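What you are looking at is a predicted structure, and each value in this text was computed from that prediction instead of being measured. Numbers restart at 1 for each chain; the letters A, B, ... are given by sequence-line order, proteins then strands. Atoms considered below: every heavy atom in the structure, side chains included; atoms not considered: hydrogens, waters and symmetry mates.
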Amino acid sequence: MNPFTSRVIDIIKSIPPGYVMTYGQIAGMAGSPRGARQVVRILHSMSSAYGLPWHRVVNAKGEIAIKDDESRFKQTIYLSDEGVIPGKDGLIDLERYRYVPVDMSER
DNA sequence: GCCATGGCTAGTA
DNA sequence: GCCATGGCTAGTA
């Protein structure tokens with residue numbers, strides 16, 4: 001597996017309950033700032049095999065971007081179960097719920 | 001060719 | 001709304 005792919009998987013697995021990350025944020029953290037779509041692909045195809053908390057990933061606007069209605073609904077439920085509730089505008093407040101891991105090398 | 005993006009712009013109000 | 005972007009694990013043998 002490509003290093004980028006395994007980094008993305010590790011990052012996604014590190015998102016704690018009650019928090020979300022964005023596709024672009026994950027891609028950038030994995031070393032490919034333009035790789036948001038790869039994150040999408042990984043989430044789409046490898047979530048079940050790797051037990052990824054796929055529901056904790058949203059787009060840059062704080063939207064649940066998944067297309068499939070059923071999965072979309074599940075994501076909404078999973079997030080609300082963890083306390084992540086969209087605002088009146090339907091968007092998840094990233095200021096509040098975004099997970100920003102502390103980079104140990106910068107301490 | 002696929003995919004659940006992201007960021008910038010045109011066009012409107 | 002448009003379009004540049006990029007790495008590759010889909011699946012019902």
Side-chain angles (χ1 to χ4, degrees):
Chain A
M1 183 189 303
N2 184 56
F4 173 77
T5 303
S6 57
R7 278 198 291 270
V8 168
I9 288 173
D10 287 343
I11 292 166
I12 294 169
K13 286 170 77 175
S14 78
I15 310 172
Y19 289 91
V20 298
M21 286 208 253
T22 68
Y23 302 95
Q25 182 190 0
I26 293 165
M29 202 167 295
S32 181
R34 310 270 173 188
R37 308 209 68 153
Q38 277 50 255
V39 175
V40 169
R41 213 199 92 264
I42 290 163
L43 244 8
H44 183 81
S45 60
M46 305 167 81
S47 278
S48 68
Y50 285 85
L52 303 181
W54 56 271
H55 61 283
R56 309 212 263 250
V57 185
V58 299
N59 72 19
K61 298 176 206 160
E63 295 171 322
I64 289 177
I66 198 165
K67 299 285 192 189
D68 177 67
D69 285 338
E70 190 180 323
S71 303
R72 185 189 174 74
F73 178 71
K74 279 169 77 174
Q75 182 169 10
T76 309
I77 300 302
Y78 289 162
L79 284 176
S80 70
D81 283 351
E82 296 181 354
V84 180
I85 315 293
K88 279 196 134 185
D89 52 7
L91 302 178
I92 289 165
D93 181 4
L94 293 175
E95 291 290 317
R96 178 173 173 184
Y97 296 112
R98 181 199 296 271
Y99 178 52
V100 184
V102 177
D103 185 339
M104 304 301 275
S105 69
E106 291 185 9
R107 314 199 147 182

* Asked: Across the strands shown, which category fits A:G24 at heavy-atom distances under 4.0 angstrom: base, sugar-phosphate, nothing?
  -> sugar-phosphate

* Provide the closest heavy-atom pair for A:A30 versus A:R7 in the form atom of the first, atom of the second, distance. => O-NE, 2.8 Å

* Please name the pair of heavy atoms, one in A:Y99 and one in A:Q25, separated by the smallest distance, quoted to 0.1 Å. =>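 In this case the closest contact between A:Y99 and A:Q25 is O-NE2, 2.8 Å.
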
Can you measure [X] atom [atom1] to [N] atom [atom2] for me and round it to whole angstrom units?
X	N	atom1	atom2	value
A:N59	B:dG7	CG	P	10 Å
A:I26	C:dG7	CD1	P	16 Å
A:L43	B:dC2	CG	C1'	15 Å
A:F4	C:dT5	CZ	P	16 Å
A:R34	B:dG7	CZ	P	8 Å
A:I12	B:dT5	CD1	P	14 Å
A:K61	B:dA4	NZ	P	15 Å
A:Y23	C:dG6	OH	P	19 Å

* Asked: Whom does C:dG11 pair with, Watson-Crick or G-U wobble, provided both distances fall under 3.5 Å?
  -> none

* Searching all strands shown, indicate the nucleotide that pairs with C:dT5 (Watson-Crick or G-U wobble; both distances under 3.5 Å). => none

* Asked: Taking everything shown except A:Y19 itself, do over 12 heavy atoms lie less than 6.0 Å from its OH?
  -> no

* Pair A:W54-A:I12, side-chain contact (heavy atoms from CB on, under 4.5 Å): steps then yes or no -> CA-CA 8 Å; A:W54 56 271; A:I12 294 169; over 6 Å; no

* **N/O donor-acceptor pair, side chain A:R37 with base B:dT5, under 3.5 angstrom** =>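 Yes, a donor-acceptor pair under 3.5 Å.
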
* Structure fact -> Per atom distances to the A:K67 side chain, the nearest of B:dG6, B:dA4, C:dT9 is B:dA4

* Asked: Closest to the A:A60 side chain: B:dA4, B:dC3, B:dG7?
  ->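 Between B:dA4, B:dC3, B:dG7, the one nearest the side chain of A:A60 would be B:dG7.
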
Which whole number of Å gives the distance between the [atom1] atom of [N] and that of [M]?
N	M	atom1	result
B:dA4	C:dA10	P	12 Å
B:dC8	C:dG6	P	16 Å
C:dT12	B:dC3	P	13 Å

* Structure fact -> The answer to which of A:Q38 and A:H44 contacts DNA chain C further toward the 5' end, by nearest nucleotide, is A:Q38

* Hey, any chance A:V100 and A:V8 share a hydrophobic cluster, counting ILVMFWY side chains that come within less than 4.5 Å of each other, even indirectly? -> no

* Asked: Just to confirm, is there a sub-4.0 Å distance from OP1 or OP2 of C:dC8 to any side-chain nitrogen or oxygen of A:T5?
  -> yes

